[in-house]
Amino acid sequence: MKLHMRNLFLTFFMVLFGAIYTNAQTVTTFAGVENTSNPWENVDNSSISVDQAHFYEPSGIGWDSDGNMYVAERNKIRLIKGTTVYNRSGAQGDASFSLGYKNGTGNAAAYYAPTSVVCDANRDAFIVDSENHAIRKLTKFGSIGSGQIASTFAGAAPVSNFGTSGDKNGTGTAARFNSPKGIVLASDGNFYVTDFGNHMIRKMTAGAVVSTIAGQSGTAGSSDGMGTAATYSLPYGVAEYDANNIVITDFGNSSVRMLNIITGKTTTVAGKSGSVSITNGTLDQARFRAPRGIAVVNGLIYVADEGTIRVIDIPNDTVFTFAGSATSAGNKDGVGPDARFGRLGEVAYDGGYTLYVTDIYYNVIRAVTIDNLIPVADFVATKTSLEVNENTILTDIST
């Protein structure tokens with residue numbers, strides 16, 4: 001490629017500007033308008049731009065294979081396509097009057113505090129409908145004009161206006177959960193669900209067969225061990241660590257646990273029951289305050305811990321704060337520790353170089369870059385010292 005000196009200068013300037021702008025751990029507001037006073041009253045729209053959307057306690061985030069983002073909030077499921085937020089399932093109006101449990105198409109469906117979303121290879125969405133104690137299925141997105149059908153995949157079928165809790169294994173609506181919170185579709189083809197109120201980890205097959213693989217119903221504890229000999233206290237988020245293991249935020253124990261889905265063994269990765277703070281250090285020294293969402297990127301575990309995003313690096317035996325502040329809350333964009341969050345729910349990875357987090361206090365969704373994953377623009381030139389009207393050849397050696 002031959003460039004005139006002036007064009008070369010402009011090219012280098014643009015590359016330099018891009019490198020400065022993107023090579024930073026930057027937190028920006030992705031969607032939503034800050035609202036802490038009456039968010040339940042400002043969600044009556046079928047579609048709206050991301051910068052004007054009002055959310056009410058946004059929690060779960062998940063993507064289908066087409067790159068459409070699903071957001072679970074207090075009484076509905078939204079879809080973000082491009083720069084527009086669409087209401088796809090559940091009532092549009094004031095959430096305080098529309099919480100419920102109804103299967104149906106579009107606005108005819110109803111939810112009660114859904115907290116997590118994951119999509120399968122068919123692009124169907126599976127939603128943890130927490131306070132209905134059920135896993136709901138939403139058929140794949142086809143077009144804006146076609147409705148998506150919500151049904152009960154596992155857990156209580158609609159009884160009266162809300163679901164029924166329990167701790168029963170079984171298939172489909174014969175199974176019971178108690179305020180489940182997180183869900184992951186692992187590489188073995190099974191779903192794993194954190195059964196918050198039962199203090200258990202449940203396995204759910206593609207055929208909706210639900211079984212308990214760790215924890216004891218009605219028994220909160222922090223013991224490591226095999227299968228149901230291990231105890232949890234209000235497990236919340238879940239993510240796949242590798243082909244054999246999932247990681248879990250144990251909210252009641254202020255810790256992060258690992259469960260081998262092959263052997264059933266639970267071990268504590270970091271944090272300690274009864275010791276609540278945001279403290280960095282080695283895995284043994286680290287402490288957590290209120291871990292909820294969790295994601296794994298290239299072997300690093302990212303945890304939404306109250307108003308911070310923490311990173312657990314197991315091979316290097318360390319825990320550090322990636323973004324946010326342990327001592328100061330707020331809704332402020334910025335770089336790394338200069339950014340501020342309120343109360344974080346989900347942390348989700350888009351497969352590129354960005355984490356998305358839901359702030360259930362400020363009712364917004366924030367984007368957080370992972371700087372070492374950002375592609376770097378880099379060139380070598382045959383000649384770098386140029387006279388006027390001289391040319392040089394640039395070779396792209398970008399990663």
Side-chain angles (χ1 to χ4, degrees), residues 43 55-66 68-81 85-92 95 98-142 147-158 162-165 172-173 175-186 190-197 202-206 208 210 236-239 292-293 345-348 356 358 360 365:
V43 291
F55 295 93
Y56 179 29
E57 294 184 4
S59 183
I61 292 175
W63 288 268
D64 65 16
S65 57
D66 287 344
N68 298 308
M69 176 191 284
Y70 285 92
V71 180
E73 60 177 296
R74 186 70 176 170
N75 66 330
K76 65 172 66 66
I77 307 299
R78 309 253 213 140
L79 183 141
I80 300 179
K81 187 176 181 64
V85 181
Y86 298 94
N87 185 59
R88 296 302 299 171
S89 190
Q92 293 183 40
S98 59
L99 299 174
Y101 191 167
K102 293 179 183 178
N103 291 321
T105 302
N107 294 341
Y111 300 86
Y112 189 2
T115 52
S116 190
V117 184
V118 68
C119 294
D120 66 5
N122 190 50
R123 296 190 289 116
D124 293 326
F126 295 82
I127 300 149
V128 179
D129 195 357
S130 184
E131 294 310 304
N132 279 323
H133 318 291
I135 309 301
R136 312 283 293 279
K137 179 180 178 179
L138 186 64
T139 55
K140 64 184 180 183
F141 172 79
Q148 293 176 258
I149 303 169
S151 60
T152 302
F153 185 72
F162 298 103
T164 302
S165 64
T173 56
R176 291 290 181 271
F177 299 89
N178 187 359
S179 299
K181 296 296 183 185
I183 188 171
V184 65
L185 177 56
N190 295 307
F191 299 91
Y192 293 89
V193 178
T194 52
D195 198 348
F196 185 82
R202 316 290 291 278
K203 175 182 174 179
M204 185 174 66
T205 70
V210 178
Y236 202 104
V238 58
R292 290 185 178 87
E346 178 77 285
V347 54
Y356 291 84
T358 54
I360 55 182
I365 300 170

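Every value quoted in this text rests on a predicted model; they were computed, and no experiment measured them.
A cation-pi contact, defined as under 6.0 Å to the ring centre and within 45° of the axis, is absent between Arg78 and Tyr86.
With sequence neighbours left out, the salt bridge (charged side-chain N to carboxylate O under 4.0 Å, His left out) criterion links Asp124 to Lys137. By the side chain to side chain donor-acceptor pair (under 3.5 Å) test, Ser179 is found to be paired with Glu131, residues two or more places apart in sequence or in another chain being considered. In this structure Lys102 satisfies the side chain to side chain donor-acceptor pair (under 3.5 Å) test with no other residue, sequence neighbours excluded. For Phe191, the ring pair (Phe, Tyr, Trp, His ring centres under 6.0 Å) partners two or more places apart in sequence, or in a different chain, are Phe126.
Without hydrogens or angle criteria, Thr173 side chain to Ala156 main chain gives no donor-acceptor distance under 3.5 Å. Side-chain N or O atoms of Thr358 include one that pairs as donor or acceptor with a backbone N or O of Glu346 at under 3.5 Å. No donor-acceptor pair under 3.5 Å is formed between the side chain of Asn178 and the backbone N or O of Asp195. Thr115 places a side-chain N or O within donor-acceptor distance of the main-chain N or O of Lys181, the cut-off being under 3.5 Å. The main-chain N or O of Tyr111 is never found under 3.5 Å from a side-chain atom of Arg136 such that the two would form a donor-acceptor pair. Ser116 places no side-chain N or O within 3.5 Å of a backbone atom of Gly182 that could act as its donor or acceptor partner.
The shortest heavy-atom contact between Val117 and Ala72 is CG2-CB, 3.7 Å. A pairwise comparison of heavy atoms in Pro180 and Ser130 identifies O-OG, 2.9 Å as the closest pair. When every heavy atom of Phe177 is checked against every heavy atom of Arg202, the shortest pair comes out as CD2-NH1, 3.8 Å. Here the shortest heavy-atom pairing between Ser59 and Ile360 reads CA-CG2, 4.4 Å. The two atoms that bring Cys119 and Leu185 nearest to each other are O-CD2, 3.9 Å, heavy atoms only.
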Requested in this report: Output, in order, the C-alpha distance, side-chain angles, deciding distance and verdict of side chain to side chain contact (heavy atoms under 4.5 Å, CB included) for Arg74 and Leu99.
Outcome: CA-CA 8 Å; Arg74 186 70 176 170; Leu99 299 174; 4.0 Å; yes
Requested in this report: Under the side chain to side chain contact (heavy atoms under 4.5 Å, CB included) rule, what do Asn68 and Trp63 come out as? Steps first, then yes or no, please.
Outcome: CA-CA 5 Å; Asn68 298 308; Trp63 288 268; over 6 Å; no
Report task. I would like to know whether Phe141 and Lys81 meet side chain to side chain contact (heavy atoms under 4.5 Å, CB included); could you show each step before the answer? Result -> CA-CA 11 Å; Phe141 172 79; Lys81 187 176 181 64; 4.1 Å; yes
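Side-chain contact between Asn122 and Lys140 is present, with heavy atoms from C-beta onward closer than 4.5 Å. Side-chain atoms of Lys203 and Val210, non-hydrogen and from C-beta on, never get closer than 4.5 Å to each other. Looking at heavy atoms from C-beta onward, Ile80 lies in side-chain contact with Val71 at the 4.5 angstrom threshold. With a 4.5 Å cut-off on side-chain heavy atoms, Val85 and Phe55 count as touching.
Looking only at atom types and distance, the side chain of Asn75 has a donor-acceptor partner in the side chain of Ser98 under 3.5 Å away.
Here the options are Asp129, Ile127, Asn87, the test is side chain to side chain contact (heavy atoms under 4.5 Å, CB included), and the partner is Ile77; only Ile127 passes.
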Please set out all donor-acceptor pairs under 3.5 angstrom arising from side-chain atoms of residues 147-155, sequence neighbours excluded.
{"residue": "Gln148", "atom": "OE1", "partner": "Arg88", "partner atom": "NE", "Å": "2.7"}
{"residue": "Gln148", "atom": "OE1", "partner": "Arg88", "partner atom": "NH2", "Å": "3.4"}
{"residue": "Gln148", "atom": "NE2", "partner": "Tyr70", "partner atom": "OH", "Å": "3.0"}
{"residue": "Gln148", "atom": "NE2", "partner": "Thr139", "partner atom": "O", "Å": "2.7"}
{"residue": "Thr152", "atom": "OG1", "partner": "Tyr101", "partner atom": "OH", "Å": "2.8"}
{"residue": "Thr152", "atom": "OG1", "partner": "Asn103", "partner atom": "ND2", "Å": "3.2"}

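Using the six-membered ring where Trp is involved, Phe196 and Tyr236 have ring planes that are perpendicular, over 60° apart on the 30 and 60° scheme.
For residues 105-123, the set of pairs meeting the salt bridge (charged side-chain N to carboxylate O under 4.0 Å, His left out) definition, not counting sequence neighbours, comprises Asp66-Arg123.
Rounded to the nearest 0.5 Å, atoms NE2 (His133) and OG1 (Thr164) are 7.5 Å apart.
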